[in-house]
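Excluded from the calculations below are hydrogen atoms, water molecules and symmetry mates; all remaining heavy atoms, backbone and side chain alike, are included. Worth saying up front: this structure is predicted, and the values here are computed from it rather than measured. Just follow the structure's listing: the first ligand is 1, and inside any ligand the first atom is 1. Throughout, residue positions are numbered sequentially from 1 according to the sequence presented.
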Amino acid sequence: MNFKLDKNSFEHLTLSEIQAEANFLSRRQLLKDEDLNKIESAINEIKQLLNTRNPHGFIVRQARLSDIDSLESMVAYWAKQGENLPRPRADLMRNILSFAVCVKENVVVGCACLYVYDSGLAEIRSLGVSPQIQRQGQGRAIVEFLLDKARRMEIKKVFVLTRSPGFFAKIGFSATTIEALPEKILKDCDKCRKKNSCDEVAYEINFSY
Ligand SMILES: CC(C)(COP(=O)(O)OP(=O)(O)OC[C@H]1O[C@@H](n2cnc3c(N)ncnc32)[C@H](O)[C@@H]1OP(=O)(O)O)[C@@H](O)C(=O)NCCC(=O)NCCS
């Protein structure tokens with residue numbers, strides 16, 4: 001039987017997903033070695049091109065389990081400053097797939113995660129950049145990475161509760177109210193000790209597909 005893929009099947013795939021599809025077809029001998037090599041060379045060429053064009057000296061990527069120690073310290077640091085909620089190591093481990101990290105010279109210098117609610121909305125949580133390198137573009141790069149991920153997942157609204165509204169406004173978020181985000185109220189606000197004296201503001205960004 002010969003099934004035809006929909007013409008949009010490969011839309012929004014990451015390079016890793018394209019590589020995985022190529023490996024899958026190759027293992028099943030549906031892709032010739034020479035075609036697999038062509039795909040790998042094209043992917044390498046893309047990586048090299050991006051490497052030579054990146055003026056920042058940092059990249060943002062999906063977090064890995066080997067990043068856990070750095071994630072734990074970054075989240076604990078900003079939680080101690082009162083900027084983020086504390087998160088136990090086990091929670092970070094379980095949610096590793098939702099985290100992105102910013103890496104400079106092999107050191108994690110920032111992180112954040114995209115938490116998806118069962119209503120389909122998502123929240124940016126645990127955002128923090130190393131205190132030594134603030135205002136050098138890492139925060140924006142991490143948030144834009146997670147917004148790209150949200151678009152690929154066809155999420156329609158991403159929100160954040162923050163004490164840094166100016167930063168989120170720069171990235172294209174606009175002000176909303178916490179009351180407009182019932183998911184957040186049910187998940188965190190109802191249990192928060194600052195429930196009646198909240199000093200955070202809600203910002204959101206909407207996507208249409
Ligand atoms: C908020 C935070 C993540 C920003 O990261 P950053 O790497 O310093 O920010 P960037 O350099 O990417 O800034 C992007 C833009 O926002 C601006 N900006 C950054 N922080 C800002 C702030 N607190 N208020 C207003 N504008 C801000 C920058 O000047 C820059 O503007 P530009 O594009 O015109 O140059 C960082 O300050 C941080 O780690 N804060 C502590 C933890 C925290 O508050 N997390 C957010 C919880 S929701």
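Near Gly128, meaning under 4.0 Å from one of its heavy atoms, ligand 1 places the atoms 39 (O). Counting the atoms of ligand 1 from 1 in the order shown, those under 4.0 Å from a heavy atom of Val160 are 48 (S). Residue-ligand proximity, Gln136 to ligand 1, at heavy-atom distances under 4.0 Å covers atoms 11 (O).
With Lys170, Glu200, Arg135, Arg140 as candidates, the residue nearest to atom 12 (O) of ligand 1 on a non-hydrogen basis is Arg140. Nearest to atom 46 (C) of ligand 1 by heavy-atom distance, out of Ile171, Leu127, Val143, is Leu127.
Around the CD atom of Gln81, the shell of radius 6.0 Å holds more than 12 heavy atoms that belong to other residues, nucleotides or ligands.
Residues Val75 and Lys80 have side chains not in contact (no heavy-atom distance under 4.5 Å, counting atoms from C-beta outward). No side-chain heavy atom of Leu127 sits less than 4.5 Å from a side-chain heavy atom of Val160. Between Ile178 and Cys198 the shortest side-chain heavy-atom distance falls below 4.5 Å. Taking the side chain as every heavy atom from C-beta outward, Leu146 and Phe99 never approach each other to under 4.5 Å.
At the top of the distance list for atom 39 (O) of ligand 1, counting protein heavy atoms only, stands Val129 N, 2.8 Å. Closest to atom 47 (C) of ligand 1 among all protein heavy atoms lies Asn84 OD1, 3.4 Å. The closest protein non-hydrogen atom to atom 7 (O) of ligand 1 is Gly139 N, 2.7 Å. What sits closest to atom 9 (O) of ligand 1 on the protein, heavy atoms only, is Phe167 CE1, 3.6 Å.
Contacts between Trp78 and ligand 1 below 4.0 angstrom, taking non-hydrogen atoms only, involve the side chain exclusively. Neither the backbone nor the side chain of Arg163 has any atom closer than 4.0 Å to an atom of ligand 1 (non-hydrogen atoms only).
Aromatic pair Tyr117/Phe159: ring centres closer than 6.0 Å.
Considering both main-chain and side-chain atoms, Gly137 comes within under 3.5 Å of ligand 1 through a nitrogen or oxygen pair. Considering backbone and side-chain atoms alike, Phe168 places every N or O at 3.5 Å or more from each N or O of ligand 1. For ligand 1, the polar-atom distance check against Gln134 finds a nitrogen or oxygen pair separated by under 3.5 Å. Considering backbone and side-chain atoms alike, Ile133 places every N or O at 3.5 Å or more from each N or O of ligand 1.
Ionic pairing of Asp67 and Arg64 is not present here: no N-O contact between side-chain nitrogen and carboxylate oxygen is shorter than 4.0 angstrom.
A continuous path of hydrophobic side-chain contacts links Ile18 to Leu30 [ILVMFWY only; heavy atoms under 4.5 Å].
Contact between Leu161 and ligand 1 is present, with at least one heavy atom of the residue lying under 4.0 Å from the ligand.
Distance check for atom 30 (C) of ligand 1: every protein heavy atom is found at 4.0 Å or beyond.
Defined by atom type and a distance below 3.5 Å, a donor-acceptor pair is present between the side-chain atoms of Gln19 and Asn23. Of the N and O atoms on the side chains of Asp91 and Asn95, at least one donor lies less than 3.5 Å from an acceptor on the other residue.
Note on ring orientation: taking the six-membered ring where Trp is involved, the planes of Phe207 and Tyr209 are tilted (angle from 30° to 60°).
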